[in-house]
Amino acid sequence: MLDIKLIRKDPEWIKNKLASRGVTSDEIDELLSYDTKRRELLVKTETLKEKRNTVSQGIATKKRNKEDASDEIAAMKQVGADIKEIDTELDDVNGKMNYILVRLPNIPDDSVPVGPDESTNVEIRKVGAIPTEGFKPRHHWDIGEELGILDFDQATKVAGSRFVYYLGMGARLERAVYNFMLDEHQKEGYTEVIPPYLVNNTAMFGTSQFPKFTEDVYTVTVDENPLTLIPTAEVPLTNYFADKILDEKDLPKYVTALTPCFRSEAGSAGRDTRGLIRMHQFNKVEMVKVSKPEESYNELEKLTANAENILQKLGLPYHVIVLSSGDASFSSAKTYDLEVWMPAQDKYREVSSCSNCLDFQARRAHIRYRDANGKTQLAHTLNGSGLAAGRTVAAILENYQNADGSVTIPDVLVPYMGGVTKITKENAK
RNA sequence: GGAGAGUUGGCAGAGUGGUAAUGCACCGGACUCGAAAUCCGGCGAACCUAUUUUAUGAUAGGCGCGCAGGUUCAAAUCCUGUACUCUCCUCCA
């Protein structure tokens, strides 16, 4: 959520900044008119409440002295009615203002390319050589099904489309991948967390998935009490700090978690219908940071480096892009995507998204810290995948495939695979 | 699932209709070579608004006793709903 004071102070700047994020200047004008109205009503009602408080004290004194106070009480009856009326109007205006305010995306950083969508993203760097096998690379789903380590058909029968069974060495490989990631992040100073996988609406609002993106998630309701299956560990990890006032000396905070992620993928029908790329349920290792404002962009670079470290150690070619203003996620001021090379698709695919949300989530979730002067300040929050496990497995299958259909295990994963260096039809189960 | 108790400032803890005691902690001062102890004084979350100043504030006011409503001139206090915590019973990986 943006700071209404900031919008009030420089509306033209905000309009300009949010233009490429699908926000019209009319929306900002409407928002500001509600803000003006709201403040007028606040002054009115607060003046009346001050009067009520003063007179009520007088009534209390009189009553204590056994004097008659019926004139004051009669007068206050009207004041009370006036207050009620103004407060009702105030609630209405507040509601209208917040409806717009909580749906405004974050302001892109000055370093972010301005543009409408992914076509205006900019490549920052390319790492690792794209492999040139002497054979035509096959898709990971073909490799996986042939080895018997992935079963999409039976998963479709049991759960529906966009689900999968990992079997034998496939399951083992995924476990190796995320254990490796968690171990690496622990070395970088992240605290490992196992969070709740279902969260309430307040948490979903805190990280700004709600109210705008309710259709992208699965929500279960028991006795009228709705809980949402987390679409990313960002939600429970960031909300771990909700309603807290941290000590400046304890910042930055680094946490990491492996969780399943659940996404309805509404609106992506027909895209990536095969393979591990776009599932309703997938494992992801997430990194979350809470930092002081002046350090958050430096922390974003370090966070991105932590994610890149995984790809480098796995020997997977990738590139880093900075998302343009129109393509970045709702709460992000700046996002780097890491895209891994998928030989069979002959293109890069996203495996990580690293974002600095500034105080956008902190304002919603009340994540604050006390600075050296004892003043409370909003902290900055960051999050990044490190990495999506399923997509990483897909990338390993494709990049490490051999002509005979077997898949070589990246060196760093061999210890996690119990010494196995290659998945073949023979050892796959 | 059943029964009961509870939720108040960083912590502890009073307060059953008149506008949040008190203690500890914290800050300043005195005493002291310094500290502790003691004494004196101060400070009570977070948030919002107005005025003023612009830097990191000041002043006034509102709000605030888990949350949301209601009754009342006035609600921590009464009523309704709800969340959570604890204890006991039941059940359970």
Side-chain angles (χ1 to χ4, degrees), chain A residues 1-10 31-98 101-102 194 196-206 210 219-228 236 239-250 292-295 359 361-379:
Chain A
M1 191 160 70
L2 297 174
D3 185 1
I4 183 70
K5 288 179 195 155
L6 188 69
I7 301 173
R8 200 188 294 155
K9 203 170 153 194
D10 199 346
L31 174 72
L32 285 174
S33 76
Y34 292 137
D35 178 51
T36 306
K37 184 72 185 163
R38 167 184 146 261
R39 281 151 61 220
E40 279 170 16
L41 291 170
L42 262 179
V43 171
K44 271 200 213 170
T45 188
E46 286 186 3
T47 307
L48 287 175
K49 281 174 183 169
E50 183 183 358
K51 185 175 174 191
R52 180 175 70 182
N53 288 341
T54 315
V55 177
S56 288
Q57 293 238 38
I59 294 172
T61 309
K62 283 199 167 184
K63 290 255 180 186
R64 235 178 275 122
N65 298 333
K66 303 267 190 281
E67 292 170 37
D68 177 54
S70 47
D71 287 350
E72 286 90 338
I73 289 175
M76 280 307 99
K77 211 160 193 160
Q78 185 56 46
V79 171
D82 291 347
I83 289 173
K84 202 164 200 172
E85 194 180 320
I86 295 169
D87 280 354
T88 304
E89 199 182 342
L90 188 60
D91 278 351
D92 178 56
V93 173
N94 259 327
K96 285 173 175 164
M97 185 181 93
N98 282 325
L101 189 58
V102 301
I194 301 178
Y197 299 162
L198 288 92
V199 298
N200 62 27
N201 290 347
T202 306
M204 289 296 283
F205 177 84
F210 283 0
T219 298
V220 291
T221 302
V222 177
D223 293 336
E224 315 262 317
N225 191 16
L227 289 172
T228 295
N239 278 288
Y240 178 70
F241 302 99
D243 295 319
K244 286 186 177 171
I245 300 179
L246 303 163
D247 244 321
E248 181 175 20
K249 64 172 170 16
D250 295 332
K292 291 196 273 180
E294 61 271 26
E295 291 170 354
D359 61 11
Q361 294 178 324
R363 185 169 293 107
R364 291 175 167 235
H366 313 295
I367 302 171
R368 292 156 297 178
Y369 71 98
R370 210 174 288 283
D371 68 17
N373 299 322
K375 211 181 153 196
T376 54
Q377 309 247 24
L378 290 172

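Each chain gets a letter, A, B and so on, in the order its sequence line appears, and its residues count up from 1.
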Of A:Val93, A:Asp87, A:Thr88, which is the lone residue that meets side chain to side chain contact (heavy atoms under 4.5 Å, CB included) with A:Leu41?
A:Val93
Distance test, side-chain N/O of A:Arg370 to OP1/OP2 of B:C26, below 4.0 Å
no
Flag if over 12 foreign heavy atoms under 6.0 Å of NZ, A:Lys77
no
Pairwise side-chain contact, A:Ile367 with A:Leu378, heavy-atom cut-off 4.5 Å (strictly under)
no
Looking at B:U49, I'd like to know if its phosphate oxygens (OP1 or OP2) sit under 4.0 Å from a side-chain N or O belonging to A:Lys5.
yes
Per the side-chain hydrogen bond (donor to acceptor under 3.5 Å, both in side chains) rule, which among A:Thr219, A:Thr221, A:Asn200 passes with A:Thr228?
A:Thr219
Proximal nucleotide (of B:A50, B:G18, B:C47) relative to the A:Val43 side chain:
B:A50
Within the structure shown, what part of the strands sits under 4.0 Å from A:Ser70 by heavy-atom distance: base, sugar-phosphate, or nothing?
nothing
With rounding to whole Å, what would you report as the distance between B:A75 and B:U80 at their C1' atoms?
15 Å
Could you encode protein contacts along nucleotides 56-78 of chain B as a string, one character per nucleotide from 5' to 3', using B for base contact, S for sugar-phosphate-only contact and - for no contact, with a heavy-atom cut-off of under 4.0 Å?
SS---BSS-------S-BS----
Would A:Gln57 and A:Asn53 count as a side-chain hydrogen bond (donor to acceptor under 3.5 Å, both in side chains) here? Give the steps.
CA-CA 6 Å; A:Gln57 293 238 38; A:Asn53 288 341; over 6 Å; no
Are A:Lys37 and A:Met97 side-chain neighbours, meaning at least one heavy-atom pair lies under 4.5 Å?
no
Atom C1', compared across B:G9 and B:G17: separation rounded to whole Å
23 Å
Please give, in whole Å, the distance from B:C47 C1' to A:Asp243 CG?
12 Å
Kindly indicate whether the side chain of A:Arg368, heavy atoms from C-beta on, has any atom under 4.5 Å from the side chain of A:Gln377.
no
Could you measure the distance from the CD atom of A:Glu85 to the OG1 atom of A:Thr45? Nearest 0.5 Å is fine.
11.0 Å
In terms of the nearest nucleotide of RNA chain B, which residue is placed more toward the 5' end: A:Arg39 or A:Thr376?
A:Thr376
Measure from CG on A:Asn200 to C1' on B:U82 and round the result to the nearest Å.
14 Å
A:Ile245 atom CD1 is separated from B:G9 atom P, nearest whole Å, by 12 Å
Between B:A45 and B:C67, how far apart are the P atoms? Round to whole Å, please.
16 Å
Distance in angstrom units between A:Tyr369 OH and B:A46 C1', rounded:
17 Å
Dot-bracket for RNA chain B, 5' to 3', with Watson-Crick and G-U pairs under 3.5 Å, [ ] for crossing pairs and | for other-strand pairs: what is it?
((((((((.[[[..)..(...]]].(((((.......)))))....((((((....))))))...[[[[[..)....]]]]])))))))....
Looking across every strand, which nucleic acid part, if any, lies under 4.0 Å from A:Arg38 by heavy atom: base, sugar-phosphate, or nothing?
sugar-phosphate
Is the shortest side-chain N to carboxylate O distance from A:Arg370 to A:Asp247 below 4.0 Å?
no
Rounding to a whole Å, what distance do you find between A:Ile4:CD1 and B:C47:C1'?
16 Å
Rounding to an integer number of angstrom, what distance separates B:C11 and B:A5 when you compare their P atoms?
26 Å
Between A:Asn239 and A:Ala203, is there a donor-acceptor pair closer than 3.5 Å when you use the side chain of the first and the backbone of the second?
yes
Whole-Å distance separating the CG atom of A:Asn94 from the C1' atom of B:U49:
12 Å
